[in-house]
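Throughout, a chain's letter reflects where its sequence line sits, starting with A, and its residues are numbered from 1. All figures in this text were calculated on a predicted structure; none of them were measured in a lab. Quick note: numbers below take in every heavy atom, side chains included, and nothing from hydrogens, waters or symmetry partners.
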Amino acid sequence: MIEPKWQQTWEQQQAFRAFNPGDEIPAHHPFAVRHGADSMSREKVAGRQAPPKFYILDMFPYPSGAGLHVGHPEGYTATDILARYRRACGFNVLHPMGWDSFGLPAEQYAVKTGQHPRVTTEANIANFTRQIKSLGFSYDWSRELATTDVEYFKWTQWIFLKLYNSWFNPKTNSAEPIETLEYPKELQLVSDWNQLVYRSAPGEIISKEQEDDFKKEFQEDWNRDREKRRREYRDSKRLAYVSEAPVNWCPELGTVLANEEVIDGKSEVGGFPVIRKPMRQWMLRITAYAEKLLADLDTIDWSDSLKEMQRNWIGRSEGAVVRFKASQNDVEHIIPVFTTRPDTLFGATYLVLAPEHSFVKSLTTEAQRKAVAAYLDSIKAKSDLERTELTKEKTGVWTGSVATNPVNGQQIPIWIADYVLASYGMGAIMAVPAHDTRDFEFAQKFNLPVIQVVQPHDPMKDWRGYTDDGIAINSTGPDVFITGLFTSEAKTKIITWLETNGFGYKTINYKLRDWLFSRQRYWGEPFPIIWKKGPSGQPPYHEALPESALPLLPPTLEDYKPTPGGEPPLARAKDWLNLPDGSIRETNTMPQWAGSCWYYLRYTDAKNAQAFVGKDADSYWMASNGKAAGVDLYVGGTEHAVLHLLYARFWHKVLFDLGYVSTPEPFYKLVNQGLILGEDGQKMSKSRGNVVNPDDVLVEYGADAFRLYEMFMGPLQDVKPWNTKGVEGVYRFLGRVWRLFVDEKAETAFEQAETLAAENAEQRQELLDLILLDGGVTEIDATAAQLKTLHACIKKVTEDLDAMRFNTAISAMMVFVNEAITWQNKPLPVMKTFLQLLAPFAPHLAEELWARLHSTFGLRSSSLPYAPWPKFDPALLVESEIEIPVQVNGKFRDVIKVAADADNATIEATAKAAEKAQPFLAGKTIKKVIIVPKKMVNLIVA
RNA sequence: GCCGGUGUGGCGAAAUGGCAGACGCACAGGACUUAAAAUCCUGGGACCAUAAAAAGUCGUGUGGGUUCGAGUCCCACCACCGGCACCA
């Protein structure tokens, strides 16, 4: 009953509204009372007298129809506790919430029922809002946003235009507007046509006008052709570009998926089969940022495992490209291969092309044509799942042709095998079976030669399949030799030789692929792109809409299915699709990740109609605060380790390069909360029937108990099972806190009265007045022991909050309560301070008791959320007499009591006299005494 | 296979290299009650011993090591969880 009351109070006061630089703060607002009504004036913010900011962010949820599950509030509770704690410490806290509301379920529901996804989405958001608000989180709801808001996705589209209109300049190592793109010489426009040399035929005399006409015509011709080639060149450099590559097509979902969304050949969502299919798609050039995304991981405070996941995903590997020559049908082919082990070049006994390699056809000899065709057919028949099957046998076929190994001129066969991936490196490899596991397996199966070129450091080790570093052997050719060199030296030497002789070069390769950014869906942001008809006989080309055309709204549809022709649903809206000038709109939409790539920026300036985020707001909230910049704390699940978190970093870096944001990284500190399992220790799922619904827990135990339990279960990052009995435990604790303050007899009277008047909420409210404070709570001075108990608790809670150890902070408060409940007299200041400690965890109960303390003692009411966080006084914690363990030969035997400032001699003497240690000292000589001041004594006897 | 993480009572867990198991759950015994719920008090790693205790021995996945002293540091191994996976 007290929970809705305080939730309403907070809402009416707008207690948790965060103020931006320059915002006018109402004088009565608790933030103004604490910091001054002009504390966020531009002058103070610029001069840094403003309260320091703290930006604490949750990963916003997808508002599903199923509602909140107990996993959501885990992270939300943690961030809320810290937000309240930081607020009490004097920070200007930004703690927002919103909705990642584009997404497939609403669309699938629309396909089935014809209900517009927006309707479903809004209903789900309303339900999520109700659930989240009932937990008493201190969000600034004035900044709430949804990715499906027109005013939001307008700016998502705007950012896409920025990506489209930018390129990555390798010279400056950053994104730049497309206008700065330098064209190759042959594509440069002729702007001053007087520079053109007009050559008249010998003896021909033409007028100045004629000459000008000729020049102009010539220039237009020149430029017309170039305009098209320049456009193609430009389009090939954009950060958002169109590609015709094979993609992951999921027939069941009717859309393509990013590599990241495909797991074991099945869709991440729903687990439907995915096939490879060439399609025209929008891509984002995230690979241009591979190096920065990798390097800047070192500047941010994320867990090692998470950083490692991103590093693995980016997959940087240093190596070399080696060019092999192969002649076939009098056509010279140069086959570049990528290798991380150029030092093993002498051991290359064959080459392998991926089945999709462009040379497959031209390098296949007549004699092998049938065998190769059969092999390619057999691969096509395989599903992606089978192709990635780990245990499967290596397969392949000889093309019939051979290549020349540049280091020794040896002729080595060229094979085709599907263990080589078309999409990595050069799509071809040099096989060194002696020192590569896969090549070794393949060579064994097809009886290809194996030549040792690396000697393991341990001579007993078998060199066959040895893939580690060693010493090069058998590596001497006519022009170059590396025999006897360590692997690292051998690499350097061979690369130098390759480079000077044009046989290759040093390079870096990444596993990271460009981001497939288009989806064949309805419920996503439409691309602000149109397709123009090319001049007759030429293909259409794309053009961006101007910023003034934003937001580009999706059309309303009757039917949300793809067209019968397999076009995305947007193609059904003919009058939306076709523009008057004959061009047509792009019918793909953006993936769900788009909206979540920048929402944390929008929160800082959610209502800005002029820009996606204002400069002041961005530089204030994302500022460094003396450490690396960005969101101060970001909490969410591990499932976004490589998707959302990599994409968002990428967008942020582009926006940074283009000068739209002030920091190179979006999230400074990131913490993953651990999964909550069902009571049976299994993952919660409907089919197991072990799902815990927060609403039920709330009805039974209330928000405070729910919050407290979620934090008390164990460390935030750990995976841990739910246990309803545990909720009862913290519920009992809250009951003890209540009884610490409240007179039990009055409470009993209240409960009886409440039962009678249960139906009438107003009467119940009045009945609350029957509850009286416990008579033991008085305005007397605290005893030293009481202060010690309190300050030990302040110390522990404060330190634990700083380190996000919520479980032990709660246990410290339990210790305090267990002690305090035995007190006859409960000094008011001690009790008030304890409520401040409790407030971030159980805000409703704390507010209620806080208010009662204030009214009972006639104190001026003050805002609990903005009451300054208590400081502990170390002096109060000092013990005059301490207990020290006594060990004999390292084994614990007894405890002695000595004065805290006792010198070593006293400690030694007392220890030697320790009663329980005597049996172990009798008849022995003490050889050595180790004393660690205030810690322990160890007596070493012979 | 590679990378990261975690192994402590019946359970969730706690312990700057210094008394292992704080705090909580479950359990057992007791108080209050006609009774129950709620609440309060007490107990509790294992073994050995005992009428009961004291004392003692062992104990933080396994085996070694460093140290006066190791749950904590080092080496090797095992198990579980998460990620990646024919990435040359």
Side-chain angles (χ1 to χ4, degrees), chain A residues 263-264 303-313 315-317 319 337-341 344 352 354 387-392 394 417-421 423-432 435-439 441-442 467 509-513 638-639 641-642 672 674-675 679 681 708-709 712-715 717-730 732-733 735-736 739 744 748 751 796 805 807-815 817-818 821 883-895 916 919 927-932 934-941:
Chain A
I263 293 165
D264 291 338
S303 72
D304 287 341
S305 67
L306 198 72
K307 285 186 182 184
E308 210 44 42
M309 274 192 232
Q310 292 222 337
R311 284 194 194 105
N312 288 339
W313 195 265
R316 181 185 201 271
S317 54
V337 304
F338 175 72
T339 177
T340 54
R341 294 296 299 273
T344 61
V352 189
R387 265 189 81 168
T388 54
E389 198 95 44
L390 187 64
T391 51
K392 81 165 204 234
K394 295 260 182 301
D418 70 348
Y419 81 91
V420 172
L421 307 175
S423 48
Y424 183 77
M426 296 288 158
I429 60 153
M430 63 177 216
V432 184
H435 307 295
D436 181 283
T437 323
R438 297 149 302 176
D439 297 344
E441 276 176 34
F442 191 79
T467 56
N509 227 310
Y510 299 93
K511 263 164 53 177
L512 185 69
R513 312 286 153 76
T638 343
E639 65 271 23
V642 282
N672 289 123
L675 208 63
E679 284 198 87
L708 213 54
Y709 175 64
F712 189 61
M713 282 197 281
Q717 293 89 339
D718 288 8
V719 178
K720 46 214 170 275
W722 182 267
N723 178 3
T724 301
K725 292 285 187 194
V727 190
E728 281 173 27
V730 293
R732 276 202 282 269
F733 164 68
R736 276 208 302 285
R739 285 190 300 278
E744 280 189 59
T748 314
E751 273 169 11
K796 183 79 177 136
R805 290 185 299 247
N807 54 333
T808 49
I810 293 168
S811 112
M813 289 189 287
M814 289 174 167
V815 171
V817 171
N818 289 346
I821 210 150
E883 290 190 337
I884 293 182
V886 178
Q887 296 178 357
V888 179
N889 281 355
K891 273 204 195 315
F892 167 76
R893 296 301 176 190
D894 202 356
V895 176
K916 289 178 187 165
K927 275 174 39 181
K928 197 175 169 190
V929 178
I930 294 159
I931 297 175
V932 182
K934 300 190 182 190
K935 285 285 182 192
M936 48 73 59
V937 190
N938 195 1
L939 307 171
I940 311 301
V941 299

Base [N] paired with [X] side chain (donor-acceptor, <3.5 Å):
X	N	result
Asn938(A)	C68(B)	yes
Gln887(A)	G18(B)	yes
Lys891(A)	U57(B)	no

Among [options], the nucleotide that comes nearest once only the side chain of [X] is considered:
X	options	value
Thr340(A)	A55(B), C23(B), A88(B)	A88(B)
Arg732(A)	A88(B), G18(B), C25(B)	C25(B)
Phe892(A)	G4(B), A20(B), C68(B)	A20(B)
Glu883(A)	C19(B), A88(B), G24(B)	C19(B)

Across all strands, who's sitting opposite U39(B) as a Watson-Crick or G-U wobble pair, both distances under 3.5 Å? A31(B)

Paired nucleotide for C11(B) [Watson-Crick or G-U wobble; both distances under 3.5 Å]: G24(B)

Scan [X] against the nucleic acid and name what it touches under 4.0 Å (heavy atoms): base, sugar-phosphate only, or nothing.
X	answer
Pro919(A)	nothing
Ser317(A)	sugar-phosphate
Gly315(A)	nothing

Can you say whether the rings of Tyr424(A) and Phe338(A) are parallel (under 30°), tilted (30 to 60°) or perpendicular (over 60°)? perpendicular

Taking 4.0 Å as the cut-off, does a side-chain nitrogen or oxygen of Arg893(A) come that near to OP1 or OP2 on C19(B)? no

Tell me whether the side-chain N/O atoms of Ser305(A) come closer than 4.0 Å to OP1 or OP2 in G82(B). no

For RNA chain B, determine which residues of residues 717-724 of chain A have any heavy atom closer than 4.0 angstrom to one of its atoms, and list them numerically. Val719(A), Lys720(A), Asn723(A)

Is G29(B) in the syn range, within 90° of 0, or in the anti range? anti

Lys394(A) NZ/CZ over Phe442(A) ring centroid, <6.0 Å and within 45° of normal: no

Between Met430(A) and Ile810(A), name the one whose nearest nucleotide on RNA chain B is closer to the 5' end. Ile810(A)

